[in-house]
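Reviewing the structure listed below.
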Amino acid sequence: MRAAVLETQPGELVIDEITLTKPDADEVLIQTVACGLCHSDLHMIDGHLPSPLPAVLGHEAAGIVQAVGDDVTEFEPGDRVVSCLSMFCGNCRECGVGNTWLCENRQALGKRTDGSSRLWRGDVEVNQMTGLGAFAEEMLVHRNAIVQVPDELPLELGALLGCAVITGVGSVVNGARVRPGSTVAVIGCGGVGLNIVQGAAIAGAGRIIAVDLNAEKLALATTFGATDVVNGSDTDAVAAVRELTGGGVDAAFEAIGLPATAQQAFSMIRPGRTAYLVGLPAMGADIELPGTVMLLQGRGLQGLFMGSNNFKRDIPMLANLYLQGRLKLDELVAAKIDLEQVNEGYAAMRTGTEARSVIVF
Ligand code: APR
Ligand code: ZN
C-alpha cells in the first residue's frame with residue numbers, strides 16, 4: 001500500500017510502498033477513507049518533536065474495517081470507524097479510574113504484541129506515528145484505537161473528530177468543565193482553537209473571545225460561536241481581553257503551543273481560575289510563570305492532552321451533535337486533497353490562513 005513517509009527531520013514526506021504485517025489477535029485492518037492534516041504532524045516534519053525514522057505520520061483518520069484479529073468481536077468488515085491516538089489498554093491504573101486518555105500502555109499499543117512495528121519497507125521497520133500512521137491507504141491498529149460511527153456521518157468529516165474536534169471540544173467539556181454563562185478566551189483559532197470556540201458555545205459559555213493574528217481566522221471563529229475577536233497583531237491581547245471582561249475570563253485556552261501565548265492565557269484569567277495549555281509546545285520549551293502571582297491569586301496553568309477524552313464515549317457523542325446540526329464540521333474543511341498533495345497541504349498550513357486540509361483516499 002502507498003503511504004507518506006518522513007525520512008529525515010526536518011524533511012518532506014515521500015510517497016512510497018509500505019507493507020503491513022498480518023493482524024495480531026487484538027488488531028484491526030482498516031481501509032483509510034480520509035485523514036486530516038494536523039499541526040502536530042508539522043511539528044514532526046519540522047523536527048520540533050523527535051521521532052524514530054522512517055515514519056508514517058497522520059493521526060486524524062476515518063475508514064472502513066477490512067479484517068479483524070482472532071480476539072476482536074466488537075468490529076466486523078464493513079464497519080465505518082474513526083480512529084483516535086488515545087488508544088487504551090483498559091487494565092492499567094488510569095484506565096481503571098476512567099482516565100483512558102492517560103493510559104500507561106498507550107505507547108505499547110502502537111506496536112505489535114512482541115514490540116515490533118506493524119509497518120515495514122522491505123526489511124526495515126517503519127515507525128507508525130501515534131500507533132495510527134494514517135497518511136496511508138491502509139491502517140493496522142489496536143482494537144482500542146477505533147470506534148464505530150453512524151452510517152449518516154461522512155467519513156471525511158468524521159476523520160476530524162479523532163483529533164482537532166475531540167481535542168478542542170473535549171478540553172472545554174471534559175478538561176475545563178466550562179459552566180453555562182462563564183467567560184472564555186481562546187488564543188489561536190486553527191483547527192484546534194476553532195473547536196475550543198465551538199465547544200464553549202455548546203457548553204453555553206456567556207462570552208467567547210477569540211484571539212489570533214490572522215483576520216480570516218477570526219472571521220471563521222465568529223461563525224463557530226465567538227462573541228468577540230481580538231487581533232493580536234495590532235493589539236495587546238491580554239489587555240484587550242481583560243478590558244472586554246472587566247478583569248479577565250473564567251477560562252483561557254492556548255491552542256498554538258508557544259510559551260509566550262501560554263503566558264498570555266495565564267494573564268487573561270481572573271484570580272482563582274485556571275488557564276489551559278492545549279497546543280503542543282516544542283520539545284524542551286519551558287514556560288515561565290510569576291510564582292508570587294500564581295500563589296497569592298490562586299491561579300493555575302494546566303495542560304490538557306487530547307481533550308481529556310474517553311473517545312469511545314466522546315466520538316459517537318460528537319457525531320450525534322453533528323447530525324443534529326449542533327456541531328460544525330463541514331466549515332472546518334478548507335480543502336480536500338490527494339495523498340500526493342500532502343506536502344502542499346502542510347505548506348498551506350504554514351501560511352496559516354485556512355482551516356483544515358483533509359486527504360481523501
Ligand atoms: N497569537 C495568536 N494566534 C497565533 C499566534 C500568536 N502569537 N501564532 C499563531 N497563531 C495562530 C495562527 O494564525 C493559527 O490560526 O494559531 C493558529 C494555529 O492553528 P493551526 O496551525 O491550524 O494549528 P492546529 O492544528 O489548530 O494545532 C494547534 O494544537 O494539537 C496541537 O500540535 C498542535 O500545537 C498545535 C496546536
Ligand atoms: Zn492532531
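As the structure is a computational prediction, the values presented were derived from the model and not from experiment. Values below: all heavy atoms of this structure, side chains included; hydrogens, waters and symmetry mates excluded. Each ligand, and each atom within it, is numbered from 1 in the order the structure gives.
- At under 3.5 Å, a nitrogen or oxygen of G191, whether backbone or side chain, sits near a nitrogen or oxygen of ligand 1.
- Applying the 6.0 Å contact sphere to CG of D123 captures no more than 12 heavy atoms from other residues, nucleotides or ligands.
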Quick one, L157 with Y322, criterion side-chain contact (heavy atoms from CB on, under 4.5 Å). Give me CA distance, side-chain angles, the key distance, then yes/no.
CA-CA 10 Å; L157 300 178; Y322 170 76; 3.3 Å; yes

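- When hydrophobic clusters are built by joining Ile, Leu, Val, Met, Phe, Trp and Tyr residues whose side-chain heavy atoms come closer than 4.5 Å, directly or via intermediates, L140 is not grouped with L109.
- Using a 4.0 Å cut-off to heavy atoms of K217, the atoms of ligand 1 that qualify are 14 (C), 15 (O).
- Under the 4.0 angstrom criterion for non-hydrogen atoms, G232 is not in contact with ligand 1.
- Residues D228 and R207 form a side-chain contact, since some pair of their non-hydrogen atoms from C-beta on lies under 4.5 Å apart.
- A 4.5 Å side-chain heavy-atom check between N231 and D212 finds every atom pair outside the cut-off.
- Only the backbone of C189 comes within 4.0 Å of ligand 1, counting heavy atoms alone; no side-chain atom from C-beta on gets that close.
- Within the 4.5 Å cutoff, the side chain of E137 has no heavy atoms near those of the L20 side chain.
- Contacts with ligand 1 closer than 4.0 Å are made by backbone heavy atoms (N, CA, C, O) of A255 only, the side chain lying farther away.
- Within 6.0 Å of the CD atom in E125, the count of heavy atoms belonging to other residues, nucleotides or ligands exceeds 12.
- For a threshold of 3.5 Å applied to N or O pairs, the pair formed by H39 and ligand 1 contains at least one separation below that value.
- Among protein atoms, those of element N, O or S found less than 2.8 Å away from the Zn ion (ligand 2) are C38 SG, H59 NE2, C163 SG.
- Hydrophobic clustering of Ile, Leu, Val, Met, Phe, Trp and Tyr side chains at less than 4.5 Å, counting indirect connections, unites L160 with F305.
- Interatomic distance, CD of E27 versus CZ of R118, reported as 4.0 Å (0.5 Å rounding).
- Atoms of ligand 1 found under 4.0 Å from any heavy atom of L213, numbered from 1 in the order shown, are 1 (N), 2 (C), 3 (N), 4 (C), 5 (C), 6 (C), 7 (N), 8 (N).
- Note on ligand 1: R356 sits in its first shell, one or more heavy atoms being nearer than 4.0 Å.
- Comparing A260, G190, G279 by heavy-atom distance to atom 18 (C) of ligand 1, the nearest is G190.
- Atom CD of Q324 sits in a crowded spot, with more than 12 heavy atoms from other residues, nucleotides or ligands closer than 6.0 Å.
- Annotation: R313, atom CZ; neighbour count of heavy atoms from other residues, nucleotides and ligands within 6.0 Å is above 12.
- Among V211, N195, I256, the residue whose heavy atom lies nearest to atom 34 (O) of ligand 1 is I256.
- Selection from T261, I196, V192 by nearest heavy atom to atom 26 (O) of ligand 1 gives V192.
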